[in-house]
Amino acid sequence: MADLELHNPEFEITAALNGADQTIQVQPDETSDGVEYFICKSEGQEITQIRRDEDNKWEQIWGDLSQEDIDSIGHQIENKS
C-alpha cells in the first residue's frame with residue numbers, strides 16, 4: 001500500500017454531535033480490499049469510524065454514535081472533499 005499520509009492527509013471538520021458543534025479530526029484510510037473509510041477523533045480520542053454503504057449512506061463501523069451524528073460527520077466530510 002502506498003504511503004497513506006501523503007495520499008490521504010488528515011483534516012478537520014466541525015460537526016454537530018448531540019446537538020453541539022464539535023471539532024473532529026478525520027483521517028481517511030482504506031480497508032485491505034480498497035474500501036475507503038474515515039477514522040474520526042475528538043480531543044485526541046477516537047470516537048468513530050464511518051464509511052459509505054452500498055446505497056451511498058453513511059454507516060458506522062466502529063463506535064456508538066447515533067445515526068444523526070454519523071450523518072452530520074458524513075455531510076461535513078462530503079463538503080470537505
Side-chain angles (χ1 to χ4, degrees):
M1 208 185 291
D3 185 4
L4 262 134
E5 290 295 314
L6 294 176
H7 298 292
N8 293 326
E10 190 171 306
F11 58 91
E12 282 191 355
I13 61 170
T14 301
L17 300 184
N18 295 319
D21 283 349
Q22 194 167 342
T23 300
I24 299 170
Q25 295 77 40
V26 179
Q27 179 184 345
D29 207 341
E30 63 181 44
T31 62
S32 57
D33 58 353
V35 177
E36 185 177 43
Y37 70 100
F38 300 90
I39 300 166
C40 303
K41 299 178 183 177
S42 177
E43 298 177 358
Q45 299 294 314
E46 189 168 333
I47 57 170
T48 192
Q49 294 179 7
I50 65 172
R51 68 177 177 194
R52 289 185 185 273
D53 67 12
E54 304 84 37
D55 297 323
N56 214 25
K57 294 182 179 153
W58 289 100
E59 69 177 352
Q60 182 167 227
I61 53 178
W62 181 91
D64 60 359
L65 298 179
S66 70
Q67 187 62 47
E68 185 178 343
D69 290 346
I70 296 305
D71 291 341
S72 177
I73 292 170
H75 180 72
Q76 294 302 320
I77 290 172
E78 289 170 4
N79 287 343
K80 200 72 168 171
S81 300

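We're numbering straight along the sequence, starting at 1. All figures in this text were calculated on a predicted structure; none of them were measured in a lab.
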Next item on the list: Kindly say whether Asp21 contributes a backbone atom to a donor-acceptor pair with the side chain of Thr14 at under 3.5 angstrom?
Entry: no

Next item on the list: Measure the SG-CG distance between Cys40 and Leu65 for me, rounded to the nearest 0.5 Å.
Entry: 8.5 Å

Next item on the list: Check step by step if side chain to side chain donor-acceptor pair (under 3.5 Å) holds for Thr48 and Gln60.
Entry: CA-CA 7 Å; Thr48 192; Gln60 182 167 227; 2.7 Å; yes

Notebook entry, point to check: When rounded to the nearest 0.5 angstrom, what is the spacing between CD in Gln27 and CD in Gln49?
Noted result: 9.5 Å

Checklist line | Gap separating the CD atom of Gln25 from the CD atom of Glu12, nearest 0.5 angstrom | finding: 5.0 Å

Notebook entry, point to check: More than 12 heavy atoms of other residues, nucleotides or ligands under 6.0 Å from CG of Asp53: is that the case?
Noted result: yes

Checklist line | More than 12 heavy atoms from other groups under 6.0 Å of CG on Asp64 | finding: no

Notebook entry, point to check: For Ile47 and Asp69, what are the C-alpha separation, side-chain angles and deciding distance, and is it a side chain to side chain contact (heavy atoms under 4.5 Å, CB included)?
Noted result: CA-CA 11 Å; Ile47 57 170; Asp69 290 346; over 6 Å; no

Notebook entry, point to check: Atom OG of Ser72 and atom CD1 of Ile24: how far apart are they, to the nearest 0.5 Å?
Noted result: 7.0 Å

Notebook entry, point to check: Hydrophobic clusters join Ile, Leu, Val, Met, Phe, Trp and Tyr when side-chain heavy atoms are under 4.5 Å apart, directly or via other members; which others share one with Ile61?
Noted result: Tyr37, Ile39

Note to self: Once salt bridge (charged side-chain N to carboxylate O under 4.0 Å, His left out) is applied, do any residues pair with Glu59, and if so which ones, sequence neighbours excluded?
What the structure shows: Arg51

Checklist line | Test side chain to side chain donor-acceptor pair (under 3.5 Å) applied to Asn56 - qualifying residues, sequence neighbours left out | finding: Arg52

Item checked: Pairing residues for Gln22 by the side-chain contact (heavy atoms from CB on, under 4.5 Å) criterion, not counting sequence neighbours -> Leu17, Ser42

Note to self: Within the structure provided, determine whether His75 and Asn79 are in side-chain contact (heavy-atom separation under 4.5 Å).
What the structure shows: yes

Notebook entry, point to check: Can you tell if the side chain of Ile73 reaches within under 4.5 Å of the side chain of Phe38, non-hydrogen atoms only?
Noted result: no

Notebook entry, point to check: Counting heavy atoms not belonging to Gln67, are there more than 12 under 6.0 Å from its CD?
Noted result: yes

Checklist line | Any residue meeting side-chain contact (heavy atoms from CB on, under 4.5 Å) with Asp33, in chain and number order, not counting sequence neighbours | finding: Thr31, Val35

